[in-house]
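Below: one structure, written as structure tokens.
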Amino acid sequence: MNSFEGTKVLMALMCMEIGGAETHVLELCKALKKRGLDVYVVSNGGVYEAELVRHGVKHFKLPLHNKNPKNLVSSYFSLKRIIVENDIRLVHAHARIPAFLCGMLHKKLDFRFVTTTHLNFDTAMHYKILTNWGESTLAVSEDIRDYLVNNYKFPKEKIVVSVNGINTENYHSGIAYADILDEFGLNPANKRIVFMSRLEKHLTPPVHKLLDIAEDIHAKNENAEIIIIGGGSDFQALSDKADAVNRALGKKLITMTGGRTDTAKFLASADIFVGVSRSALEAMACEKPTILSGYQGHLGIFNQNILGAAIETNLTCRGHAEVSAESMRRDVFTLLDASPDKLKELGKFARQVIDNHFSMTKMTDDALLLYDSVRKSSKVIDAVISGYYGSNNHGDDVLLEAITNDLRKINPEIKITAISKRPKETKSIYGVESIQRFNFPRIISSLRRTNLLIMGGGSLIQDLTSTKSLIYYVFVMNLAIRARAKVMLYANGIGPLKLTKNKRRAVAALENVELISLRDEQSERLLKTIGLRNENIVVTADAAFGFNNENPDAGDMLLDKIGLAGKKYFCISIRGWKTLKEDFVSEMAVFCDYMSEKHGLSPLFIPMQTSNDAEISTQVMELARRKSYYLQESFTIDEILSVTSKAEFLVGMRLHSVIYAANTATPVIGLVYDPKVSSMFAELDQKYFMNLEEISSGKLISFSEEIIANRDEISRHLAEVTRPMAEKARRNAKIAHDIINRDLF
């Protein structure tokens, strides 16, 4: 079983008053704290609340103890706030009303939901509507498990059968109890018969039978005393009945203590215990001869003969004969007549059963087994990917291809949904589900059903192109965070961020993401500069570095079609941009003519996004005197890598044209319109780049001459540099898979 260190679990139950389920939760909380879990409890409170707090368990008080509609509504919203504000990922309910409310919230929030079934509930239809057993449930006995299967058709494989574990450090025969004898004026030499339970009307038939035979008990043994521990709706009626017996006898035979938290002292003081379930188990841990008698049945004196029936019903006597005055008198009298050795033998046997079958270790292990069964996500979408997809920008669309390819290499069955401008086209090309980028109802629905939002490559967090773009991607991230989906930046570039308000927007969103993977160290420095405190940052490499030139001849048909087959050429990837100099076109044309005349190299223009690149490329081609070539139709990643690999060098404004060249060890000259381009040259350890305002035919010619003279050496260096970058790029997919498959708590 994996470690649960630091797991946040919220226990939800009706109250923390004296009772079997309440004591069960109290002891389980303490045991889970010892195992390193962070435990919270929500209930209507009660006498055990202080002990929870003493053991480091935070308690929230809500009216979860009744079906009053006003209480249900207020509790629903308060529970929601508690779960969200404390980042609770596991909720464990222990009663019908808390389970009903938590079950409703489970449909809205990202947490795992389990229950413990302590008893068999009423199966009337209106009660069934209020019943929710969670994703898995822990049944405290085998007959409860069968009850769930038979009456609620709950899958047997989702039920863990456990026990009411007893903390034997708190319940044992050596507990001092003189103070409670003094408090109630009890005689240390007398023989005490102790009954303990919540005294609700439906639970008290055995107490009434015990009081019905009280005078017979006194007649049998004048030194006998009867102690009734507990409080509830039937307390007053039982007190009146006890007072009547005491008055009739002219002495205090029966003591009503009310609700107590020091129950171990009363149990240690007992000579005979009467009761069921957890109270009986605690008495048995104190080595007390025990009569199993409850509102669901009467099994009698606990011994080897009834061991199987007792364990099967979790010592509740479910399904056995109802208690009667005769059965109660018979068993009490038997123990009153028993020798000290016989009573000691029964007590030792009872303790042995606790040690063997009802240990806290087993109960805690069973709870962790239950938690382990639901700790993996049940979301139907593994990852939603958001980026600048579907806009016919080859550099961005290829990132989606790279990400999906790398994710599928790890898990071919991974379920991916991409947010795109043209979802039908994206779905057809990449084989993923796709949503229109402004269809926010569908985006929100998908984020609620996914494990992970991947901000898929590129420079999404920047305001160089526009503030609107930044706001959109920040908004999508915030939607995911509200939907309790994890968020990962996948090999992103960060910046530029020019406006102060945009820096604040970026920091506010990125503080809450699961992991920030960056494609360059400059992006990491920028995040630290603008005040990001999130330390979950890793520098990897652009996802496009994950592509290999596996089919070096894939572009031959394209080259043949445009008339470049067999010719020497260099590539140019430029785009229209607001800060281009007036002489940009003429300087580029002069450079192209020089390369054609001096070195016999034909210019091949490669548009990465036709809408932005075609016009500027055509202007240069028309102004140049020598023939140029142009890739007019769309191309695959294999084709562009093939074409790039056969070029002498590449001149690139577009970042991914630079990456394609580097991937094939083709020397490259960078035209820097965005800091991401210069950052990439720093990552590649290449010096041949210039800012837009520096561009001239002379500088381009100087760079190209140096490249041609040293091409083999430059290519070898690029191959050495990019080899580890390919591995870094694929590491992003491994990180994403780890997040998707990470335990939820």
Side-chain angles (χ1 to χ4, degrees), residues 394-395 549 552-556 558-575 584-608 613-614 616-632 635 639-672 677 680-681 684 686-690 695-719 722:
H394 189 273
N549 187 23
D553 298 325
D556 287 357
L558 290 179
L559 295 174
D560 184 58
K561 188 173 183 178
I562 62 177
L564 258 183
K567 297 180 180 180
K568 296 176 69 176
Y569 61 91
F570 68 100
C571 298
I572 301 177
S573 176
I574 54 177
R575 61 168 296 168
F584 176 83
V585 171
S586 60
E587 291 295 304
M588 290 298 299
V590 169
F591 169 64
C592 289
D593 286 339
Y594 174 86
M595 297 310 298
S596 295
E597 294 167 359
K598 175 73 181 292
H599 295 286
L601 298 178
S602 298
L604 171 61
F605 287 83
I606 301 175
M608 302 292 283
D613 303 358
I616 191 72
S617 298
T618 302
Q619 289 175 5
V620 176
M621 292 172 66
E622 290 176 348
L623 189 60
R625 291 177 289 104
R626 296 283 183 169
K627 180 175 177 57
S628 298
Y629 298 84
Y630 183 81
L631 286 182
Q632 292 184 340
F635 41 80
E639 289 170 337
I640 191 62
L641 288 174
S642 171
V643 168
T644 304
S645 70
K646 295 177 181 180
E648 292 300 307
F649 60 90
L650 178 142
V651 178
M653 278 180 73
R654 291 285 191 178
L655 175 68
H656 282 93
S657 69
V658 173
I659 291 174
Y660 298 155
N663 242 4
T664 58
T666 300
V668 61
I669 298 172
L671 309 181
V672 179
V677 179
M680 183 54 62
F681 272 80
L684 295 171
Q686 294 294 300
K687 63 182 180 180
Y688 305 110
F689 64 93
M690 66 194 84
I695 292 175
S696 68
S697 58
K699 194 159 188 175
L700 287 167
I701 290 169
S702 175
F703 279 169
S704 62
E705 290 288 2
E706 190 172 339
I707 286 172
I708 290 171
N710 300 283
R711 190 182 189 284
D712 290 345
E713 181 183 344
I714 294 170
S715 292
R716 278 195 299 272
H717 185 59
L718 275 172
T722 56

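Throughout, numbering of the chain's residues begins at 1 and tracks the sequence.
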Between [X] and [Y], is any pair of side-chain heavy atoms under 4.5 Å apart?
X    : Y    : result
M588 : L700 : yes
Y630 : I562 : no
Y569 : V643 : yes
L604 : S628 : no

Over all heavy atoms of both residues, which pair between [X] and [Y] is shortest? Give the atoms and the distance, please.
X    : Y    : answer
V658 : G652 : CG2-O, 4.1 Å
S617 : D613 : OG-O, 2.8 Å
E639 : A554 : CG-O, 3.5 Å
M608 : S657 : CE-N, 3.9 Å

inquiry  = Could you walk me through whether D560 and D556 satisfy the side-chain contact (heavy atoms from CB on, under 4.5 Å) test, starting with their C-alpha distance in whole Å, then the side-chain angles of each, then the deciding distance to 0.1 Å, before giving a yes or no?
reply    = CA-CA 6 Å; D560 184 58; D556 287 357; over 6 Å; no

task = Could you go through the side-chain contact (heavy atoms from CB on, under 4.5 Å) check for F584 and I695 one step at a time?
result = CA-CA 7 Å; F584 176 83; I695 292 175; 3.7 Å; yes

Is any NZ, NE, NH1 or NH2 atom of the basic residue among [X] and [Y] found under 4.0 Å from an Asp or Glu carboxylate oxygen of the other?
X    : Y    : answer
E705 : K598 : yes
K687 : E706 : yes
K627 : D593 : no

Quick check: does any side chain N or O of [X] sit under 3.5 Å from a backbone N or O of [Y], one acting as donor and the other as acceptor?
X    : Y    : result
K646 : P552 : yes
H394 : P607 : no
Y594 : S697 : no

Going by atom type alone, with no hydrogens or angles, which donor-acceptor pairs under 3.5 Å involve a side-chain atom of residues 663-670 and a protein atom two or more places apart or on another chain?
residue : atom : partner : partner atom : Å
N663    : ND2  : A544    : O            : 3.1
N663    : ND2  : F547    : O            : 3.0
T664    : OG1  : Y660    : O            : 3.2
T664    : OG1  : A661    : O            : 3.0
T664    : OG1  : T666    : OG1          : 3.0
T666    : OG1  : T644    : O            : 3.0

task = For side-chain contact (heavy atoms from CB on, under 4.5 Å), just list the numbers for M653 and V677, CA-CA rounded to whole Å, side-chain angles, deciding distance to a tenth of an Å, and then say yes or no.
result = CA-CA 7 Å; M653 278 180 73; V677 179; over 6 Å; no

Please report the interatomic distance [atom1]([X]) to [atom2]([Y]), rounded to the nearest 0.5 Å.
X    : Y    : atom1 : atom2 : result
M680 : L655 : CE    : CG    : 5.0 Å
I574 : I606 : CD1   : CD1   : 11.5 Å
E597 : R625 : CD    : CZ    : 4.5 Å
S704 : L601 : OG    : CG    : 8.5 Å
I640 : L558 : CD1   : CG    : 8.5 Å
L650 : S645 : CG    : OG    : 11.5 Å

ask   = Is it the case that more than 12 heavy atoms not belonging to Q632 sit under 6.0 Å from its CD atom?
value = no

query = What class does the angle between the rings of F681 and F689 fall in, given that below 30° is parallel, 30 to 60° is tilted and above 60° is perpendicular?
reply = tilted

key: Donor-acceptor pair between K567 and Y629 side chains, under 3.5 angstrom   = yes

inquiry  = Check for me whether the distance between the ring centres of F649 and F570 falls short of 6.0 Å.
reply    = yes

Derivation of the side-chain contact (heavy atoms from CB on, under 4.5 Å) call for I572 and C592 = CA-CA 9 Å; I572 301 177; C592 289; 3.5 Å; yes

